Amino acid sequence: MSMIAALLLAGAAMPQAAPTDPTPRVTFDRHSLRIDGKPTLIWSSEFHPFRLPSPDLWRDILQKMKASGFNTVAIYIDWGFHSPKQGVYDFSGIRDIDRLLTMAQEEGLYVITRAGPYVNAELSRGGFPGWLVNQSGKARTDDPEYLAAVDEWLGRINPIIARHQLGRGGTVILHQIENELALTTPAQSRYMRHLYDKARGQGITVPMFHNDQGRNGYWVPKSSNVPLTVEGPQELYAFDGYPGGVCGVDNKPTRGAPAPDWGLYGPGGAKGGASASPRTPGFIAEFGGGWFDYWGSNGMYPCNAIQRGSGYQRVFYGTNIANGIAIQSIYMGYGGTSWGWLPAPVVYTSYDYGSAIDEARNLRPKALELKQIGQFLAAVPDLARLEKAPPVTIAGSDAVQVYHDRNPDTDARLLFVAPKPSNATGDARFTVTADLPDGRYSFTSELHGRDAKLLVAGVNLERQRLVYSTSELQTSIRHGAEDVALFYGRSGEPGETMLRYATAPKVTVIDGQVASDFDAARGDLRLTYTHRGLARVRIEGGGRAPLLLLIGDVAAGQSFFRQDGLLERGPALVRRATVRGGMLDLTGDTEAAAPLEIWGSATIRSVRWNGQAVPVTSTPSGSLVARRPLPGPGDLPLPDLMAGTWRYAPGSPEARADFDDSGWTVAGRARNVATIRPPTGQPNLGADAYGFHDGDVWYRGRFTGSAEARTVTMHYGAGGAGMLQLFLDGKLVGQHVLAGGLPRPITTGVAAFDLPAAAQAPGEHVLAAMVRVNGHNWDLDVDDAHKEPRGLISVSLDRPGGESFAVPIAWKIQGRAGGEDLRDVARGPSNNGGLYGERMGWTLPGFADADWQQVTLGEARPHAGTSWYRTDFDLSVAKGEDATIGLQIGDATTPRSPTRYRVLIFVNGWNMGQFVANVGPQRVFPIPEGVLHHRGRNTLALAVTSDGAAGNTIEPVRLVTLHHTRGGVPVTDLAAPVYRDLYPTH
Ligand code: GAL
């Protein structure tokens, strides 16, 4: 056996890297990534730029993630979002990935890129472009037609990523080549190899991985030599997991199962015992930080935020850390909005996800807990390399467990204290006895409810030696000659912190009640206290640099931000801290007038907050405090939309017999590669075959009146909560709606209608059908499910019991203006479908609606088909204030209305979502600044689709404030065409 092989088998640290990079900055061993040789724990959360169509606000999210303690952001990149047509790609405006990667670097975050080709992500087609559904070659295989398409994408996206890699102009440290490819035939192996080779060939040198759907051992790196795994070409093995239970239909959290041990403490056996890939770091590419919600639910996001919220995070993320998972990414950090036609059938517009940053960009309470965990991980680099340490003794309770780990180089210890089983929520008081680096110790602690504690022992903190603490360490900084360390515990619980000194130090309690005693034999200074508010203790002498010990309860701990050697507390958010020539420049947000306290470089003489000088004074605990509170936001008055001027126009002229469809495409002959096809001999009516991939499609079918024309049966595909409306010679015959629901929404249906007698009258008649296409299926199972047809599949016009397809129909089709040739490039492929009003530019600012009928919206009458309502309104959000304003339809206290209608919401031409009154649950649609003009005029256009029955019309709409702070980041209104740009001759 060679020396290297022997070392590998012994599990020694053998940094590895991509073979092609002579000076790799990102390498790894079996414990962790190494960045510039330094073992680094990756603590990441996920963000989808395509779900926030306002690039300036990307910075807001990145800053909030950083301030919440993450060192990395993981991003999916959605192929379809960039490509309306084969060979056509756009990376500008809201699609500027280059800009996003630059921003991440500027904000000091590492990046994990996940660029497809397939991403899933609850996106229509799982992120595949619309045109890909017209390929006969099977997707996610080595089929040449598919690979050629993939190469187009990779040829564009890989070079962008490559130039943003760490050391090459950016901070990308890891790259994902496929997502949850659970089919592992040779065709997939060759496909994976192709993806890998492309990326390497196109300059991606950072370690690459695949995201396995669970710890199955699919696509583990070669040489893993673990039975029952499937080898792939990449360097790292990663998997995802969403344990912890889901909310019940009653929107109440459920108990869920205990946290799984997916690393050091995992069960042995096949697939590698503790890891499916024992020579690479424990890597969870997605770990549930919420969950998505579906059409027809009762509105689960607030519950999802709790189910995977405070407590869950400590138990589940803590279990992963204790299992040595050194790369962990939370899905989602910010969910955002599946605006326009982005959503897959499984979701509606909001992709809030119950994530730490909510859809309106507020930090949820759980973000503050994440901040404590993240600051802790950053403060103790020893945690990047963990191995099992000998078990500890627990006395006094059977209801707790302690994971005891050690760093093999420094012997630092992690004691992860969790309920046993970890989904228990009782009360426990217990004593732990452990052999620690500084001796054998016993200490007492408690656990109440859903909670866990990440305790450390035998750790060097700045210039101090922490023997152990029953309080959780949050962070530490070096503050000139003094160190500052922040610990926290549950309010009212006793705590104990043991520090090591050569001789008895001097202890001064500045604030709070803290007792101390010194054991001269051991050199141990023991501090005992009850966590309440924020205690401050100065410890001087004893042979060490002085230490300011801050001991808070959880809330006090959560009030701290840490920015490069500085600690700040008071404001709702501190975004950035820059020290230059004695001046500290802070930026951040206040939700109300707020205090400010700062510890940091002893050289700070003056402080500015968002550019304004803040007079400060120093305190006995070495900090600076603002003499006056930082100002909060002012009022944010919003216009009353119901009192505004509204204009109305009917929007389904296509239904009329005399409508001019001479410009429409004849439907029937296109090649059909869909997964469901019409009976032999029948025309191909599927919309995709004609280049209409997103949103609504219209069909007009001419037939000759006949005694046979009694019933019509329409097989159609429309995605989750999609629908069909059928008209005969301009009159609504009926509508049919696909019911929503998980796990698999109903995405196709059969609508059968009796036709009015008019259809039997001689002469030409027109059947006109509108299909509301709510997304294409994802291709999660590699079965080409994204090729399920949309629009009409087949239509049979018959006499009951008679011969099928008795009366021939000549069909024409119309979808989005231009089809794959986008008219509105800036808003892009997911913005528009084929409603008449969309084709005519009625959604756009500057469209002259003065000759439309003026109406009072509160008295809008129900009309069969689609009706358009337009209004303008002005906003004047104060400068220096950040807000998210949303549009609410109807009564926010109930997820759905008794009435049946649906609305597409266009704000300044941007399709910001769909409201379906009788399905629900979403009634409030956040509109990001940039789309919404916070200081100026806005145009709102609502496309209301109804069967025209009594009551089925738009409910009251209002603007609501969903987020409001003083602070924020500068946002420019999006550059996008107005009416005269797209319709110059009108
Ligand atoms: C994962 C998948 C993601 C997303 C997630 C659920 O399995 O990789 O793309 O679909 O599930 O939100």
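This is a predicted model, so every value here is computed, not measured. Remember, it's 1-based here, ligands and their atoms both numbered in the order they're listed.
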Undergrad: Output yes when the distance from some N or O of ligand 1 to some N or O of Ala121 is under 3.5 Å, and no in every other case.
TA: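 Ala121 vs ligand 1: N/O contact under 3.5 Å present.
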Undergrad: Given the side-chain rings of Phe283 and Phe209, with only the six-membered ring counted for Trp, is the space between their centroids under 6.0 Å?
TA: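 Yes, the ring of Phe283 comes within the 6.0 Å limit of the ring of Phe209, centre to centre.
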Undergrad: Show which atoms of ligand 1 fall inside a sub-4.0 Å distance from at least one heavy-atom site of Tyr76.
TA: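 So the atoms of ligand 1 that pass are 2 (C), 3 (C), 8 (O), 9 (O).
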Undergrad: Tell me which protein heavy atom sits closest to atom 5 (C) of ligand 1, plus the residue, atom name and distance to 0.1 Å.
TA: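 The answer is Tyr242 OH, 3.4 Å.
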Undergrad: Checking Gln307 side chain against Thr254 main chain: does a donor-acceptor pair fall under 3.5 Å?
TA: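 Between the backbone of Thr254 and the side chain of Gln307 there is a qualifying donor-acceptor contact (under 3.5 Å).
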Undergrad: Just to confirm my output: which protein heavy-atom neighbour is closest to atom 2 (C) of ligand 1, and how far is it?
TA: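 Going by distance alone, atom 2 (C) of ligand 1 is nearest to Glu286 OE1, 3.4 Å.
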Undergrad: Kindly give the heavy-atom pair with the smallest separation between Met300 and Asp293, and that separation in Å.
TA: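 Where Met300 meets Asp293 most closely, the heavy atoms are N-OD2, 2.8 Å.
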Undergrad: May I ask you to check whether Asp90 and His82 show a side-chain donor-acceptor distance below 3.5 Å?
TA: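 Checked: Asp90/His82 side chains show no N/O donor-acceptor pair below 3.5 Å.
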Undergrad: Yes or no on salt bridge (charged side-chain N to carboxylate O under 4.0 Å, His left out) for Glu286 and Arg114, after CA distance, side-chain angles and deciding distance?
TA: CA-CA 11 Å; Glu286 293 173 25; Arg114 315 202 302 146; 3.0 Å; yes
Undergrad: Please determine, by modelled atom types, if Asn298 and Asn251 share a side-chain donor-acceptor pair under 3.5 angstrom.
TA: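 Their side chains do not contain a donor-acceptor pair, so the 3.5 Å distance test is not met.
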Undergrad: With atoms numbered from 1 as shown, which atoms in ligand 1 lie under 4.0 angstrom from a non-hydrogen atom of Tyr351?
TA: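 Atoms satisfying the 4.0 Å criterion: 12 (O).
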Undergrad: Below 3.5 angstrom, do we get any N/O pair linking Gln213 and ligand 1?
TA: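 Not met; the criterion fails.
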Undergrad: Hey, which atoms in ligand 1 end up nearer than 4.0 Å to a heavy atom of Glu180?
TA: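 So the atoms of ligand 1 that pass are 1 (C), 2 (C), 7 (O), 8 (O).
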Undergrad: Is the shortest N/O to N/O distance between Asn120 and ligand 1 below 3.5 Å?
TA: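 Yes; at least one N/O pair falls below 3.5 Å.
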Undergrad: Are any of the heavy atoms in Phe239 under 4.0 Å away from ligand 1?
TA: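 Judged by the 4.0 Å heavy-atom criterion, Phe239 does not count as contacting ligand 1.
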Undergrad: Of all the atoms in ligand 1, which lie at a distance below 4.0 Å from a heavy atom belonging to Asn211?
TA: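 Here the atoms of ligand 1 in question are 8 (O).
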Undergrad: Just jot down the ligand 1 atoms closer than 4.0 angstrom to any heavy atom of Phe292, in number order.
TA: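 Close to Phe292: 6 (C), 12 (O).
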Undergrad: Which atoms of ligand 1 have any heavy atom of Asp240 under 4.0 Å away?
TA: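 So the atoms of ligand 1 that pass are 1 (C), 7 (O), 8 (O).
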Undergrad: Please work out, at 4.0 Å between heavy atoms, whether the side chain, the backbone, both, or neither of Tyr118 comes within that distance of ligand 1.
TA: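 Answer for Tyr118: neither.
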Undergrad: Less than 3.5 Å apart, any donor N or O on the side chain of His693 or Asp688 sitting next to an acceptor on the other?
TA: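 On atom types as modelled, these side chains qualify, holding a pair under 3.5 Å.
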Undergrad: Regarding ligand 1, does Trp291 bring an N or O atom to under 3.5 Å of one of the ligand's N or O atoms?
TA: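 It does not: no N or O of Trp291 is found under 3.5 Å from an N or O of ligand 1.
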Undergrad: With atoms numbered from 1 as shown, which atoms in ligand 1 lie under 4.0 angstrom from a non-hydrogen atom of Val119?
TA: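 Answer for ligand 1: 9 (O).
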Undergrad: Under 4.0 Å, heavy-atom basis, I'd like to know which part of Asn179 is in contact with ligand 1: side chain, backbone, both or neither.
TA: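 The answer is the side chain of Asn179.
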Undergrad: Which atoms of ligand 1 have any heavy atom of Tyr353 under 4.0 Å away?
TA: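 So the atoms of ligand 1 that pass are 6 (C), 12 (O).
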Undergrad: Please check if the side chain of His210 supplies one atom and the backbone of Leu181 the other of a donor-acceptor pair under 3.5 Å.
TA: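 Yes: the side chain of His210 pairs with the backbone of Leu181.
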Undergrad: Centroid separation under 6.0 Å, is that true for the rings of Tyr191 and Tyr146?
TA: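 Centroid distance Tyr146-Tyr191: below 6.0 Å, so yes.
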Undergrad: How close does the nearest protein non-hydrogen atom get to atom 10 (O) of ligand 1, and which residue and atom is it?
TA: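 Looking at atom 10 (O) of ligand 1, the protein heavy atom closest to it is Glu122 OE2, 2.5 Å.
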Undergrad: Does Lys366 use its side chain to pair, donor to acceptor, with the backbone of Gln313 at less than 3.5 Å?
TA: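 Looks like no, no N/O pair under 3.5 Å.
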Undergrad: Going by salt bridge (Lys or Arg N to Asp or Glu O under 4.0 Å), Asp694 matches just one of Arg125, Arg790, Arg772. Which one?
TA: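 Per the salt bridge (Lys or Arg N to Asp or Glu O under 4.0 Å) rule, the option paired with Asp694 is Arg125, out of Arg125, Arg790, Arg772.
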